[in-house]
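To start, the structure itself, in structure tokens.
Note on naming: letters A, B, ... go to the chains in the order of the sequence lines (proteins, then strands), and numbering restarts at 1 for each one.
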Amino acid sequence: MCGRYTVSNPGEILPELLGHDAAPEMAARYNVAPTQDAPVVVAQPNGERSARLMRWGLVPYWANGIEIGGRMINARAETAATKPAFRDSFARRRCLVAADGFYEWQRIGGGKQPYLIRLAGGAPMAFAGLWDRWRGPRGRVLESFAIVTTGANELVEAIHDRMPVVLTRNGRATWLDVQAPTDDLIGLLRPTAEPMETVPVSDRVNNPANDSLDCLQPVIVPPAPTQGSLF
DNA sequence: CCAGACGTTGTT
DNA sequence: GTCTGG
DNA sequence: CCAGACGTTGTT
DNA sequence: GTCTGG
């Protein structure tokens with residue numbers, strides 16, 4: 001799945017996803033956690049792309065409160081087009097989630113080891129995203145998003161069995177195209193084939209309150225016992 | 001008819 | 001809002 | 001995803 | 001163990 005990610009270089013990522021240099025200034029993020037605001041790119045009615053902050057954890061327009069967003073941080077590629085919580089967004093409100101890395105936790109014995117996973121060289125990534133606009137009491141408006149997930153590719157499989165959908169440049173255009181046929185959209189939702197790197201990182205990333213460069217800091221993982229048990 | 005869910009992951 | 005289950 | 005709470009009463 | 005919040 002995808003429960004944390006990075007936007008460590010928004011100054012490069014946003015122009016790349018927008019397709020132009022007039023990107024708004026956004027703070028660098030090393031540990032984006034659910035319920036926090038993060039930058040996404042949407043296509044306006046005139047086709048131009050724009051970047052804005054939305055809350056991670058999709059709150060459907062029909063929800064009675066925003067708490068439901070905590071359970072809607074990911075949408076499975078296999079079912080997003082038909083699930084009640086996501087299908088309207090899948091049909092009409094798709095977005096690009098700006099990122100340049102995501103974290104997955106590998107379960108080892110009793111514990112967990114976090115890994116940072118990036119495109120080779122830390123290139124910008126666009127996760128396939130869905131968004132919605134919720135209207136609450138007293139005129140409150142909340143825009144929020146979910147990240148579409150798919151099966152892990154060969155590299156990531158060693159760590160975890162799911163990962164976010166990372167769109168190619170052409171895939172981004174299709175994903176944002178309101179006219180795109182459903183079959184074309186579903187065809188995009190596959191594990192990326194781009195070269196990637198996985199880096200074991202400090203468990204500083206575990207705490208969502210830690211949003212600093214040391215989340216990216218590589219660590220040495222003790223080799224797992226290959227046979228037998230320790231005692 | 002009304003009430004209640006609407007999700008993913010991982011673990012057993 | 002819409003669907004499922006009672 | 002992980003971290004942190006998990007409760008009631010009464011008083012300020 | 002399970003739920004809520006970040």
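Nearest nucleotide to the side chain of A/R4, out of B/dG7, D/dC2, B/dT9: D/dC2. Here D/dC2 is the nucleotide among D/dC2, B/dC6, B/dT8 with the atom lying nearest to any side-chain atom of A/K112. For A/N74, whose side chain is taken as the heavy atoms from C-beta onward, the closest listed nucleotide among B/dG7, B/dT11, B/dT8 is B/dT8. Out of B/dT9, B/dC6, D/dC1, the shortest distance to the side chain of A/M72 is found at B/dC6. With B/dC6, B/dT8, D/dC1 as the candidates, the nucleotide lying closest to the side chain of A/F86 is B/dT8.
Applying the side-chain contact (heavy atoms from CB on, under 4.5 Å) test between A/L167 and each of A/V148, A/L176, A/L188 identifies A/L188 as the sole match.
Residues satisfying the ring-ring contact (aromatic ring centres under 6.0 Å, His included) test with A/F90, not counting sequence neighbours, are A/W175.
Aromatic ring centroids of A/Y5 and A/W56 lie under 6.0 Å apart.
Using a 4.0 Å heavy-atom cutoff across all strands shown, A/R76 reaches sugar-phosphate atoms only and no base atom. Using a 4.0 Å heavy-atom criterion, one finds that A/Y103 contacts no nucleic acid atom at all.
Ion pairing of A/E78 with A/R162 is present here, as a side-chain N (NZ or NE/NH1/NH2) and a carboxylate O approach within less than 4.0 Å.
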Protein-nucleotides 1-4 of chain C N/O pairs under 3.5 Å:
unit_1, atom_1, unit_2, atom_2, d
C/dG1, O4', A/Y61, OH, 3.2

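Between the CG atom in A/L142 and the CZ atom in A/R55 there is a gap of 6.0 Å [rounded to 0.5 Å].
Of the residues in residues 202-220 of chain A, none lies under 4.0 Å from DNA chain C by heavy-atom distance.
Judged by distance alone, the side chains of A/D88 and A/Y61 do bring a donor and an acceptor atom under 3.5 Å apart.
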